[in-house]
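First the proteins, then the strands, lettered A, B, ... as listed; each starts at 1. Keep in mind the model is a prediction, meaning the values are calculated, not measured.
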There are 2 protein chains.
Amino acid sequence: MDNKRDQILRAAENIIANEGLHNLSMQKLAKDAGVAAGTIYRYFTDKDELIDELRRDVLTQIADSILQGSEIGSVEQRFRCIWFNIIRLGETCTMERLNFEQYTHLPGANSEEHRQFERATFAPLHALFNEAKAEGVIVDLNDELLFALALEPAVGLCRRMRRTGLNFSMDELEVVCDLSWHAIKR
Amino acid sequence: MDNKRDQILRAAENIIANEGLHNLSMQKLAKDAGVAAGTIYRYFTDKDELIDELRRDVLTQIADSILQGSEIGSVEQRFRCIWFNIIRLGETCTMERLNFEQYTHLPGANSEEHRQFERATFAPLHALFNEAKAEGVIVDLNDELLFALALEPAVGLCRRMRRTGLNFSMDELEVVCDLSWHAIKR
DNA sequence: CGCTTATGAATGAACGTTCATTCATTCTAG
DNA sequence: CTAGAATGAATGAACGTTCATTCATAAGCG
């Protein structure tokens with residue numbers, strides 16, 4: 001019965017998304033997950049480890065969603081796919097799932113160990129940037145700067161959509177995606 | 001003695017910046033601020049209101065820092081000033097002050113009431129965008145999209161500098177600022 | 001097959017601690 | 001002397017965690 005563990009993780013994700021980390025108590029979590037308080041400790045050694053596992057779990061979900069479908073086409077097509085995947089994270093934001101910014105504020109998300117896990121999870125993105133640089137399609141800057149220039153706008157809009165609940169029109173988004181791409185295009 | 005109130009806010013900011021919101025207890029806060037636990041309740045009705053006040057206080061600090069010196073020069077010069085002010089927030093990030101991303105995750109930061117306060121606080125930035133659009137210097141998009149395209153890269157780099165502790169060279173930053181500006185330049 | 005025994009997942013009451021908040025008391029400035 | 005500011009011990013609720021107990025299922029055996 002490994003789905004107990006998953007029930008617990010999903011319930012924890014839900015509570016943090018809706019009420020914040022400071023409202024995640026083990027008894028509430030147990031109640032929401034439909035298990036007894038003690039059961040949680042069969043699957044996680046303590047609250048810290050549970051949050052640790054949740055962090056990894058959520059990052060994997062987010063990365064899958066962002067990289068989905070970005071394996072085919074020209075580098076520009078693949079870039080646009082990722083750009084709109086990020087936007088989609090803001091549009092389809094439910095109250096049941098943690099989003100990227102909430103995730104980055106889980107304790108431990110800034111540890112060297114976790115950043116390494118992050119780098120590995122987003123390896124396909126780095127591969128795309130390297131390919132594009134090798135082809136001479138985009139400017140030769142390091143990946144952090146490229147991400148900041150071209151994808152951070154999408155992240156920012158995603159964040160704003162979630163915060164304000166306001167959506168942007170497809171036309172507007174197309175324009176911004178275009179300008180984002182041209183910002184790093186050689 | 002209104003500096004008692006400020007002592008308390010500064011100590012709260014410090015604790016949240018260093019140990020996170022979930023480690024902010026009223027007794028620890030009292031000890032760190034150098035007052036008795038009961039004294040806090042002379043200045044704030046309860047913990048929620050204290051965090052409310054802290055949120056406003058920190059936003060004002062951040063806005064002052066970001067807008068500092070951006071009143072003079074051409075729209076491009078003023079834009080560059082703001083862009084590097086944001087970067088400076090990442091570089092001079094101390095452990096004693098809350099940064100922008102930590103601030104956005106204080107409970108209540110997404111309330112309609114607070115977003116209105118935010119808009120008012122950043123009014124000079126909206127004025128700058130409007131002036132630039134009126135002059136025809138930048139593309140005619142709404143402020144959210146302009147911010148996402150041109151300033152979100154700076155915010156992203158600021159965030160990364162704080163998370164990883166890594167700084168970028170002035171040359172690199174100049175290049176990225178330039179490309180950010182050109183992304184919205186007509 | 002039926003009966004007994006062993007297993008370990010699941011439980012939730014109970015534990016000691018820490019929490020936010022209160023208030024009778026003490027201090028202090030005018 | 002007095003009024004308001006400051007105190008910090010006291011309070012009960014809520015916290016993370018533990019553990020004796022329960023119970024459905026599996027294993028062992030004649």
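Taking atom CD1 of A/Ile40 as the reference point, atom P of D/dT17 lies 10 Å away to the nearest angstrom. Between the CG atom of A/Asp46 and the P atom of C/dT17 there is a distance of 18 Å, rounded to whole Å. Rounded to an integer number of Å, the gap from CD of B/Glu49 to P of C/dT21 is 11 Å. Counting to the nearest Å, the C1' atom of D/dC15 and the CG atom of A/Asp48 are 14 Å from each other. With rounding to whole Å, A/Lys31 atom NZ is found 21 Å from C/dA10 atom P. Protein atom NZ of B/Lys4 is 7 Å distant from nucleotide atom C1' of D/dA6, rounded to whole Å.
A parallel orientation is assigned to the rings of A/His105 and B/His105, their planes being inclined by less than 30° (bins at 30° and 60°).
The closest donor-acceptor contact from the side chain of B/Ser70 to the backbone of B/Leu67 lies under 3.5 Å. In this structure, B/Glu49 contributes its side chain and B/Thr45 its backbone to a donor-acceptor pair below 3.5 Å. Side-chain N or O atoms of B/Trp83 include one that pairs as donor or acceptor with a backbone N or O of B/Ala150 at under 3.5 Å. The backbone N or O of A/Arg163 lies less than 3.5 Å from a partner atom in the side chain of B/Arg115, making a donor-acceptor pair.
Listed candidates were C/dT21, D/dG16, C/dG12. Nearest to the side chain of A/Lys47 is D/dG16.
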Run the numbers on B/Val155 and A/Glu152 for side-chain contact (heavy atoms from CB on, under 4.5 Å), then give the verdict. CA-CA 8 Å; B/Val155 175; A/Glu152 207 71 68; 5.9 Å; no
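Salt bridge status for B/Arg55 with B/Glu113: absent, with no side-chain N to carboxylate O gap under 4.0 Å.
Note on A/Arg42: a side-chain N or O is less than 4.0 Å away from OP1 or OP2 of C/dA9.
The cationic group of B/Arg56 lies under 6.0 Å from the six-membered ring centre of B/Phe117 and within 45° of the ring axis, placing it in a cation-pi geometry.
Across residues 12-28 of chain A, A/Leu24, A/Ser25, A/Met26, A/Gln27 each have a non-hydrogen atom less than 4.0 Å from an atom of DNA chain D (numbered order).
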Donor-acceptor pairs under 3.5 angstrom involving side-chain atoms of residues 26-39 of chain B: please list them, not counting sequence neighbours.
from    : atom 1 : to      : atom 2 : distance (Å)
B/Lys28 : NZ     : B/Glu19 : OE1    : 3.3
B/Lys28 : NZ     : B/Glu19 : OE2    : 3.4
B/Thr39 : OG1    : B/Ala36 : O      : 3.4

In B/S/- notation (B base, S sugar-phosphate only, - none; protein heavy atoms under 4.0 Å), nucleotides 22-30 of chain C written 5' to 3' is BB-------
